[in-house]
Amino acid sequence: PCLQRKIFEYFNSN
Amino acid sequence: MFELRLVQGSLLKKVLESIKDLVNDANFDCSSTGFSLQAMDSSHVALVALLLRSEGFEHYRCDRNLTMGMNLANMAKMLKCAGNDDIITIKADDGTDTVTFMFESPSQDKISDFEMKLMDIDSEHLGIPEAEYEAIIRMPSAEFARICRDLSSIGDTVVISVTKEGVRFSARGDIGAANIVCRQNATVDKPEDATIIEMQEPVTLTFALRYMNSFTKATPLAEQVTISMSSDLPVVVEYKVAGMGYIRYYLAPKIEE
């Protein structure tokens, strides 16, 4: 099974 | 006062069609640079970044930076009322909570204006760092759309693998499996038909096809799509908007648990 990562795990909040 | 005028109004119609299924509400940022948007889908798995540079418009006036929160389905409804050949003007006065879309027919014999209420949207703006990608694929956008559509009849996810041989798109499901390999092909009559693969390192990533298919709504905007990948980074799927900017979709990968 694959886990769907979230986009904010990669990009920092401004 | 904010005002932009786009003679090729169909571009704006296509831009809205490209993002309205992915994002419900979004803040449009108006500045001297241009008309831009950054928004995540409701599951926070994908992010869309749009930039239409001010120089690309026939007229562009932005007295001060302005954020306009809009429901994209409603905005798309209004822009659908513009003819494909219409000139579109977007206007917003300071201190008002509405935006006006004006459509002029090419012969100027029909002029419509539609007023839409703006919304307060509390959205998070993410900083997207510049990255060197391990593999960059440029290919005909229609071909990429076809591959995503075909593979979604086989499975829910696509494995994209770039090697020296080319780029492989694979899907697997209850009824079987599919592999589509595209090789570099730069010797075509028309540059828009070319497939160019720049690879620093082989890279393999897995993505949900549902999102990829949603990104391909931007296909009418550009003949070519650029797919940039690095290990354990979101993929970037980019469509240029007729010399005035881009739509970039970022999609977080799926990883083995």
Side-chain angles (χ1 to χ4, degrees), chain A, chain B residues 22-23 27 29 36 38-49 67 122-131 133 155-160 170-173 204-212 214-215 228-237 248-257:
Chain A
C2 281
L3 176 73
Q4 174 64 67
R5 305 294 297 269
K6 302 284 187 184
I7 204 82
F8 50 70
E9 294 175 54
Y10 299 94
F11 301 147
N12 293 328
S13 189
N14 267 351
Chain B
L22 193 65
V23 177
N27 282 323
D29 295 309
S36 65
Q38 189 202 85
M40 278 186 279
D41 79 294
S42 57
S43 307
H44 296 177
V45 168
L47 180 143
V48 56
T67 297
D122 189 19
S123 77
E124 194 178 9
H125 206 271
L126 299 178
I128 302 166
E130 286 288 319
Y133 286 93
D156 297 330
T157 61
V158 56
V159 179
I160 307 179
S170 310
R172 182 171 292 280
T204 296
L205 289 166
T206 302
F207 300 101
L209 272 167
R210 182 162 74 86
Y211 291 97
M212 286 291 183
S214 175
F215 303 163
S228 304
M229 305 207 307
S230 277
S231 307
D232 200 35
L233 267 187
V235 64
V236 191
V237 179
R248 289 180 187 149
Y249 301 98
Y250 297 82
L251 178 60
K254 290 183 151 216
I255 54 159
E256 292 287 335
E257 277 191 277

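Reminder, nothing fancy here: chain letters follow the sequence lines and each chain counts from 1. In this text the structure is predicted, and so the values were computed from the model without any measurement.
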query = Given a strict heavy-atom distance threshold of 4.5 Å, which part of B:Glu256 is in contact with chain A: side chain, backbone, both, or neither?
reply =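 B:Glu256 touches chain A through backbone and side-chain heavy atoms alike.
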ask   = Okay, side chain of A:Lys6, backbone of B:Ala46: is any donor-acceptor separation there less than 3.5 Å?
value = no
query = Is there a donor-acceptor pair closer than 3.5 Å between any side-chain N or O of A:Glu9 and the backbone N or O of B:Ala252?
reply =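 No, because the side chain of A:Glu9 does not come within donor-acceptor range (under 3.5 Å) of the backbone of B:Ala252.
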Contact check, side chains of [X] and [Y], non-hydrogen atoms, under 4.5 Å:
X       : Y        : answer
A:Cys2  : B:Phe207 : no
A:Ile7  : B:Leu126 : yes
A:Arg5  : B:Asp232 : yes
A:Phe11 : B:Pro234 : yes

inquiry  = Out of B:Glu124, B:Met40, B:His44, return the one with the most heavy atom pairs under 4.5 angstrom to chain A.
reply    = B:His44
